[in-house]
Protein chains: 2
Amino acid sequence: MSPASVKKRISESTIHRLSLYYRTLSLLEKENYETVSSKELAKREKLTPAQVRKDLSFFGSFGTRGLGYNVNELKKKIETILGINREWRVALIGVGNIGSALVSYKEFAKQGFDIVKLFDNDQRKIGSNHKGIIVSDIKNLEKEIQEANISMVILAVPATVAQYIVDDVVKAGVTAILNFAPINLRVPPYVHLRNENMAMELEYLSFAMVNNHSPKKTK
Amino acid sequence: MSPASVKKRISESTIHRLSLYYRTLSLLEKENYETVSSKELAKREKLTPAQVRKDLSFFGSFGTRGLGYNVNELKKKIETILGINREWRVALIGVGNIGSALVSYKEFAKQGFDIVKLFDNDQRKIGSNHKGIIVSDIKNLEKEIQEANISMVILAVPATVAQYIVDDVVKAGVTAILNFAPINLRVPPYVHLRNENMAMELEYLSFAMVNNHSPKKTK
DNA sequence: TACTTCTTGTGAACCATTTCACATGGCTTC
DNA sequence: GAAGCCATGTGAAATGGTTCACAAGAAGTA
């Protein structure tokens, strides 16, 4: 009834929940479930069944009345919606603490995010090997990003240099950036920027404890 | 007009924005700003001035009409609201890729989150030193957490074992958990649980690119 | 085929959050 | 001390997101 072609503004929360559904569907698949109801899916995510159905309904009708959703089929649908049914060539910039942890982060690879390039400005790191990838000199950023056909960048550099690197990365034609530096970056309107701020969630916990905020959802 | 004592349900987004304001105020302080208006604050966070004022108004009136907010004073107010004006004794469980990156993550320490204990189950890691902290055997989890007076736990272990550890941690009396494992954990209702899912933001970027979703806010 | 059971898909109702708009009050200048 | 300016704090309006409730479709049973 509401085909994917119909442009409707989808909320950020809906997309985030699709990620959750995807993860749970992968699990259900491993547990050899054939089908799953919105009720069961909701239970696992601590959401309401109506929420699950509404989220999915923005993109089409994937279920069977009386039966539920076919696990494998729904998983594939969500992969398509999220755009993770393909390979994304990703460059990771900054091979420090966070950066080197991310190189080996399995969830990225599982979902089609292939880190194929590493960059740093530290001479001691340049040339070194992380999980089979040689760290490149950030001096060659623009050229190498274009040659390697990179479309996404993960930024794990100090806040002080993040903006300069973003400017270069944008010049190189990258249009999606995941930023781990605790700073507000400026990008042109056509570039997608997301910030990952790990302190934020600890701060939320702190607030919740101090205020006896009854925990409800976990994002 | 609306003192902090009045219990009102504060939205998750408001708390997250307070974190953003806090970070920006720290920066403004370094740049020697005396005062800041909601307009300026909003500009830096890509929000509206009304949003900033409304967020703050839930907790009191901290500004001066015609002038704006005193940077240092507002920063302190937010510290108090978020509960980061004190020290939190934190244990980090799982000294793998992510775990060891987090030990050195400066933002945590800056905001009063003191990682004072490390745990792992890997004999090769137990006894080793990370940033001055000796890794403990997870076998002694409950006892050591209580002795060290830990109130928060950061969980950076594989998904397969996360639930068992959470159960132990809860038994030890911990009531705040930040989970990096890609799994839905069960905790009693009085325990605060937050999940950090780094793949989620990449998935959002992927979705945005595939759907030409015009970027608006970055969380 | 008729009946029961189950669960989807979705307008409509409800609730939460954001934005608007303006009265209020502090500060500065004359 | 009056006037002008500026930016807060906040009800009210507008927007956006979630939940309700039910019609309708599929599968199984007799």
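Just so it is clear: chains get the letters A, B, ... in the order the sequence lines come, proteins before strands, and each one is counted from 1.
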Atom-pair distance ([atom1] on [X]; [atom2] on [N]), nearest Å:
X	N	atom1	atom2	answer
B:Ile10	C:dT18	CD1	P	12 Å
B:Asn70	D:dT8	CG	P	13 Å
A:Phe59	C:dG9	CZ	P	14 Å
A:Arg9	D:dT15	CZ	P	15 Å
B:Phe58	C:dT18	CZ	P	8 Å
A:Lys46	D:dT18	NZ	C1'	19 Å
A:Phe62	C:dT8	CZ	P	14 Å

query: How is A:Ser38 classified with respect to the nucleic acid when contacts are heavy atoms under 4.0 Å: base, sugar-phosphate, or nothing?
result: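 A:Ser38: backbone/sugar contact only, no base atoms under 4.0 Å.
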message: For a quick check of understanding: with a heavy-atom distance under 4.0 Å over all strands, which category does B:Lys39 fall into, base, sugar-phosphate or nothing?
response: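 Nothing, no nucleic acid heavy atom in range.
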Mind listing the side-chain donor-acceptor pairs of residues 148-163 of chain A below 3.5 Å, one per line with the distance, residues two or more places apart or on another chain?
residue: A:Gln163; atom: OE1; partner: A:Arg186; partner atom: N; Å: 2.9
residue: A:Gln163; atom: NE2; partner: A:Asp167; partner atom: OD1; Å: 2.9
residue: A:Gln163; atom: NE2; partner: A:Arg186; partner atom: O; Å: 3.1

message: What does the B/S/- profile of nucleotides 23-30 of chain C look like, 5' to 3', with a 4.0 Å heavy-atom cutoff to protein?
response: BBBS----
If you check every side-chain atom of [X], which of [options] has the closest atom?
X	options	result
A:Gln51	C:dT18, C:dT17, D:dT18	D:dT18
A:Thr48	C:dG9, D:dT10, D:dT19	D:dT19
B:Lys54	C:dT10, D:dG9, D:dA12	D:dA12

Listed partners of B:Tyr22 passing ring-ring contact (aromatic ring centres under 6.0 Å, His included), at least two apart: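 Once residues adjacent in sequence are excluded, B:Tyr22 has no partner under the ring-ring contact (aromatic ring centres under 6.0 Å, His included) criterion.
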Please enumerate all residues that pass side chain to side chain donor-acceptor pair (under 3.5 Å) together with [X], with sequence neighbours excluded.
X	result
A:Glu31	A:Arg44
B:Lys106	none
A:Tyr69	none
B:Asn72	B:Glu29, B:Lys76

Mind checking what makes side chain to side chain contact (heavy atoms under 4.5 Å, CB included) contact with [X], not counting sequence neighbours?
X	value
B:Asn121	B:Ile138
A:Lys39	A:Ser37, A:Pro49
A:Lys54	A:Ser57, A:Phe58

query: Any side-chain donor-acceptor pair under 3.5 Å between A:Asn70 and A:Thr35?
result: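 Result is no, nothing qualifies.
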Report yes if at least one side-chain N or O of [X] is closer than 4.0 Å to OP1 or OP2 of [N]; otherwise report no.
X	N	answer
A:Arg53	D:dC22	no
B:Tyr69	D:dG9	yes
A:Arg17	D:dT18	yes

Side-chain donor/acceptor of B:Asp120 to backbone N/O of B:Val95, under 3.5 Å: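 Checked: pair present.
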message: Any side-chain to backbone donor/acceptor pair from A:Ser38 onto A:Val52? Under 3.5 Å, distance only.
response: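 Side chain of A:Ser38 to backbone of A:Val52, a donor-acceptor pair under 3.5 Å: no, none is there.
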Stretch residues 74-82 of chain B: residues that reach within less than 4.0 Å of DNA chain D through a heavy atom: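 Under 4.0 Å from DNA chain D: no residue of residues 74-82 of chain B.
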query: Which residues within residues 26-37 of chain A lie with some heavy atom under 4.0 Å of an atom in DNA chain D?
result: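 Output list: empty, so none.
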